[in-house]
K.L.:
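First, the structure itself, so that you have it in front of you.
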Amino acid sequence: MQHVLVTGGAGFIGSNFVRHLLGAREDVQVVTYDLLTYAGSLENLRDLPRPERHRFVKGDVCDRAAVDAVLADHAIDTIVHFAAESHVDRSIAAPGEFIRTNVTGTFTLLEAARAAWRGRDGVRFHHVSTDEVYGSLAPDDPPVVESAAYAPRSPYAASKAASDHLVRAYATTYGLEVTISNCSNNYGPYQFPEKLVPLMIVNGALGKPLPVYGDGKQVRDWLHVEDHCAAILAILERGRPGETYHVGGGNQPTNLEVVEAICQLLDVRYPDAPHAPHRSLVTHVTDRPGHDRRYDLDCTKLERELGWHRRHGLADGLAATVAWYAQSGAWLAAIRDSDDYRRWIALNYGAR
Ligand code: NAD
Ligand code: DAU
């Protein structure tokens with residue numbers, strides 16, 4: 001691994017991964033390839049360690065000529081594929097872009113890698129996927145292992161499942177050296193404030209309603225993004241080609257418990273806010289259609305085979321995340337003041 005292409009590297013997890021990789025390895029060159037959709041920003045790539053080892057190329061993963069060029073121009077030997085449409089609610093409102101980016105984009109990247117790497121050793125295509133491909137679990141179901149059957153239920157999850165199948169097909173049919181990771185809900189710095197954790201932090205700090213879908217008793221596993229990035233690096237360095245690894249946070253709170261924890265952190269930070277205690281802002285709203293009740297991943301394989309262990313518990317991870325958002329006013333304001341963000345908030349919450 002010397003020349004690494006990170007697709008979607010200007011988004012939430014991708015930018016954290018670029019930062020993590022440059023900090024951890026002094027012997028790699030990193031190219032971020034990103035279309036800079038509403039979810040991506042060069043602001044997420046400020047103050048990188050070893051910036052002289054990083055390049056940014058604006059481009060679409062569906063654009064075969066542009067992908068061919070970036071692979072050739074930078075002698076890429078490793079692809080870490082994050083680029084995707086990633087928000088379930090947007091996939092319900094407008095699924096088309098999810099099929100284009102997540103399915104056609106992954107296909108285009110696989111075709112380009114297959115052509116560029118024909119006959120080459122020492123290459124790797126790592127695909128970043130999600131626990132949502134396995135569908136919804138009942139309360140007593142055991143954690144899901146890597147060999148479990150797929151049962152996606154939202155357009156987002158179905159598009160990610162399709163991309164996973166394509167990646168495995170390229171390994172089987174063409175011998176492409178691939179690895180896949182399926183992870184749980186990430187949280188941490190630079191997450192776009194449309195997802196649960198940053199939305200609740202931002203709305204709570206501003207005294208706006210905290211919109212909890214349905215009864216709020218849905219269960220997610222919450223993974224700090226730095227633990228996820230360390231897991232991906234471990235898979236790149238020590239993972240076996242052709243294998244899939246699960247990455248999770250090892251917790252199972254309900255959404256209401258997560259929101260309550262954020263409210264308590266906001267109470268400590270802003271004790272004199274007119275809307276304190278912040279839990280008074282919690283508002284139950286119409287549920288998400290097809291809302292998955294629970295996810296839970298078994299991460300034993302990653303821990304035993306690659307020696308990965310998470311470093312963040314949910315309580316300390318949320319505290320650090322609330323502190324990060326409190327210190328990132330300019331970053332947040334640029335998003336909150338954008339037309340796209342206003343439109344999305346009105347569309348998703350206006351009629352709930
Ligand atoms: P994100 O929405 O924050 O970022 C996505 C990035 O991809 C953005 O920078 C965007 O500009 C870029 N992008 C979108 N379409 C593109 C295109 N056509 N060409 C090039 N770039 C494009 O997403 P995220 O939360 O960082 O998720 C990254 C990956 O991890 C996704 O594949 C997602 O499915 C997966 N994942 C995310 C989570 C999570 O909790 N966020 C959990 C499991 C898996
Ligand atoms: O599980 C991994 C997945 O986690 C990733 O693959 C996705 O890219 C990522 O977006 C995330 O999907 P979720 O749908 O689980 O995340 P989200 O933050 O949108 O919602 C988390 C939970 O909170 C979910 O049960 C829905 C609920 N929710 C969400 C929002 C935005 C609310 O109750 N209110 C909200 O306003």
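FYI, the numbering just counts along the sequence from 1. Atoms within each ligand, like the ligands themselves, are counted from 1 in listed order.
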K.L.:
Is it the side chain, the backbone, both or neither of Glu132 that has a heavy atom closer than 4.0 Å to ligand 2?
P.N.:
side chain
K.L.:
So for ligand 1, is Asp34 a polar contact partner (N or O within less than 3.5 Å, distance only)?
P.N.:
yes
K.L.:
Ser86 versus ligand 1: do any nitrogen or oxygen atoms come within less than 3.5 Å of each other?
P.N.:
yes
K.L.:
If you measure every N or O of Lys160 against every N or O of ligand 1, does any of those distances drop under 3.5 Å?
P.N.:
yes
K.L.:
Give a yes or no on whether a salt bridge exists between Arg288 and Asp89, defined as a side-chain N under 4.0 angstrom from a carboxylate O.
P.N.:
yes
K.L.:
Measure from atom 16 (C) of ligand 1 to every heavy atom in Asp131, Thr32, Thr101 and give the option owning the shortest one.
P.N.:
Thr101
K.L.:
Between Asp340 and Arg90, does any side-chain N to carboxylate O distance fall below 4.0 Å?
P.N.:
yes
K.L.:
Which bit of Asn255 is near ligand 2, meaning a heavy atom under 4.0 Å away: side chain, backbone, both or neither?
P.N.:
side chain
K.L.:
May I ask you to list the atoms of ligand 2 that are less than 4.0 angstrom from any heavy atom of Lys195?
P.N.:
10 (O), 18 (O)
K.L.:
Working note: Asn255 + Gln218, criterion side-chain hydrogen bond (donor to acceptor under 3.5 Å, both in side chains); need CA distance, chi angles, decisive distance, verdict.
P.N.:
CA-CA 6 Å; Asn255 291 341; Gln218 303 83 6; 3.1 Å; yes
K.L.:
Do any N/O atoms on Cys183 end up under 3.5 angstrom from N/O atoms on ligand 1?
P.N.:
no
K.L.:
With nothing but distance in play, are any N or O atoms of Ser129 less than 3.5 Å from an N or O of ligand 1?
P.N.:
no
K.L.:
Determine the interplanar angle of the His81 and His127 rings, folded into 0 to 90°, and report it as parallel if under 30°, tilted if 30 to 60°, perpendicular if over 60°.
P.N.:
tilted
K.L.:
Taking the six-membered ring where the residue is Trp, are the ring centres of Tyr190 and Trp324 under 6.0 Å apart?
P.N.:
yes
K.L.:
Using the ring centroid of each side chain, check whether Tyr341 and Phe192 are separated by less than 6.0 Å.
P.N.:
yes
K.L.:
Are any of the N/O atoms on Thr37, whether in the backbone or the side chain, positioned under 3.5 angstrom from an N/O atom of ligand 1?
P.N.:
yes
K.L.:
May I ask you to check if ligand 1 and Asn186 share an N or O to N or O distance below 3.5 Å?
P.N.:
yes
K.L.:
Measure from the ring center of Tyr187 to the ring center of His228 and say whether it is less than 6.0 Å.
P.N.:
no
K.L.:
Do Arg19 and Phe17 come within less than 4.5 Å of each other through their side chains, counting heavy atoms only?
P.N.:
no
K.L.:
Side chains of Ser184 and Asp131 only: does a donor on one sit below 3.5 Å from an acceptor on the other?
P.N.:
no
K.L.:
Hey, which atoms in ligand 1 end up nearer than 4.0 Å to a heavy atom of Asp60?
P.N.:
17 (C), 18 (N), 19 (N)
K.L.:
State the atoms of ligand 1, each with its element, that fall below the 4.0 Å cut-off from a heavy-atom position in Leu36.
P.N.:
11 (O)
K.L.:
I need the nearest protein heavy-atom contact for atom 34 (N) of ligand 2: residue, atom name and distance, please.
P.N.:
Pro211 O, 2.8 Å
K.L.:
For ligand 1, indicate whether the residue Glu132 contacts it via side chain, backbone, both or neither (heavy-atom separation under 4.0 Å).
P.N.:
neither
K.L.:
Please list the nearest protein heavy atom to atom 1 (O) of ligand 2 with its residue and the distance rounded to 0.1 Å.
P.N.:
Asp131 OD1, 2.5 Å
K.L.:
Quick one: look at Val285 and ligand 2, take heavy-atom pairs under 4.0 Å, and tell me if it's side chain, backbone, both or neither.
P.N.:
neither
K.L.:
Asn185 to ligand 2: N or O pair under 3.5 Å?
P.N.:
yes
K.L.:
Is NZ or CZ of Arg114 both nearer than 6.0 Å to the six-membered ring centre of Tyr174 and within 45° of the ring axis?
P.N.:
yes
K.L.:
Starting from atom 9 (C) of ligand 2, what is the nearest protein heavy atom, named by residue and atom, and what distance separates them?
P.N.:
Ser86 O, 3.8 Å
K.L.:
For Cys62, which part has a heavy atom under 4.0 Å from ligand 1: side chain, backbone, both, or neither?
P.N.:
neither
K.L.:
Which bit of Ser184 gets closer than 4.0 Å to ligand 1, counting heavy atoms only: side chain, backbone, both or neither?
P.N.:
backbone
K.L.:
Show which atoms of ligand 2 fall inside a sub-4.0 Å distance from at least one heavy-atom site of Val88.
P.N.:
12 (O), 14 (O)
K.L.:
Does the side chain of Lys195 pick up a donor-acceptor pair with the side chain of Ser86 at under 3.5 Å?
P.N.:
yes
K.L.:
Please list the nearest protein heavy atom to atom 18 (O) of ligand 2 with its residue and the distance rounded to 0.1 Å.
P.N.:
Leu196 N, 2.8 Å
K.L.:
For the atom pair CZ (Arg336) and CG (Asn203), what is the distance rounded to the nearest 0.5 Å?
P.N.:
9.0 Å
K.L.:
Using the six-membered ring wherever Trp is involved, compare the ring planes of His312 and His224 and label them parallel, tilted or perpendicular (cut-offs 30° and 60°).
P.N.:
parallel
K.L.:
According to the interplanar angle, ranging from 0 to 90°, do the rings of His278 and His275 count as parallel (below 30°), tilted (30 to 60°) or perpendicular (above 60°)?
P.N.:
perpendicular
K.L.:
Which of these, Ser181, Ser159, Gly8, Ala84, has its nearest heavy atom closest to atom 5 (C) of ligand 1?
P.N.:
Ala84
K.L.:
Of the protein's non-hydrogen atoms, which lies at the shortest distance from atom 19 (O) of ligand 2, and what is that distance?
P.N.:
Arg288 NH2, 3.0 Å
K.L.:
Using a strict threshold of under 4.0 Å (side-chain N to carboxylate O), is an ion pair present between Arg294 and Asp292?
P.N.:
no
K.L.:
As an exercise, identify every atom of ligand 2 less than 4.0 angstrom from a heavy atom of Val212.
P.N.:
33 (O)
K.L.:
Give me the residue, atom name and distance of the protein heavy atom closest to atom 33 (O) of ligand 2.
P.N.:
Tyr213 N, 2.8 Å
K.L.:
Output the list of atoms in ligand 1 that are nearer than 4.0 Å to some heavy atom of Gly59, sorted by atom number.
P.N.:
19 (N), 20 (C)
K.L.:
Could you list which atoms of ligand 1 come closer than 4.0 Å to a heavy atom of Asn185?
P.N.:
40 (O)
K.L.:
Check whether any heavy atom of Phe192 sits under 4.0 Å from an atom of ligand 1.
P.N.:
no
K.L.:
What's the shortest distance from atom 25 (O) of ligand 2 to any protein heavy atom, and which residue and atom give it?
P.N.:
His291 NE2, 2.7 Å
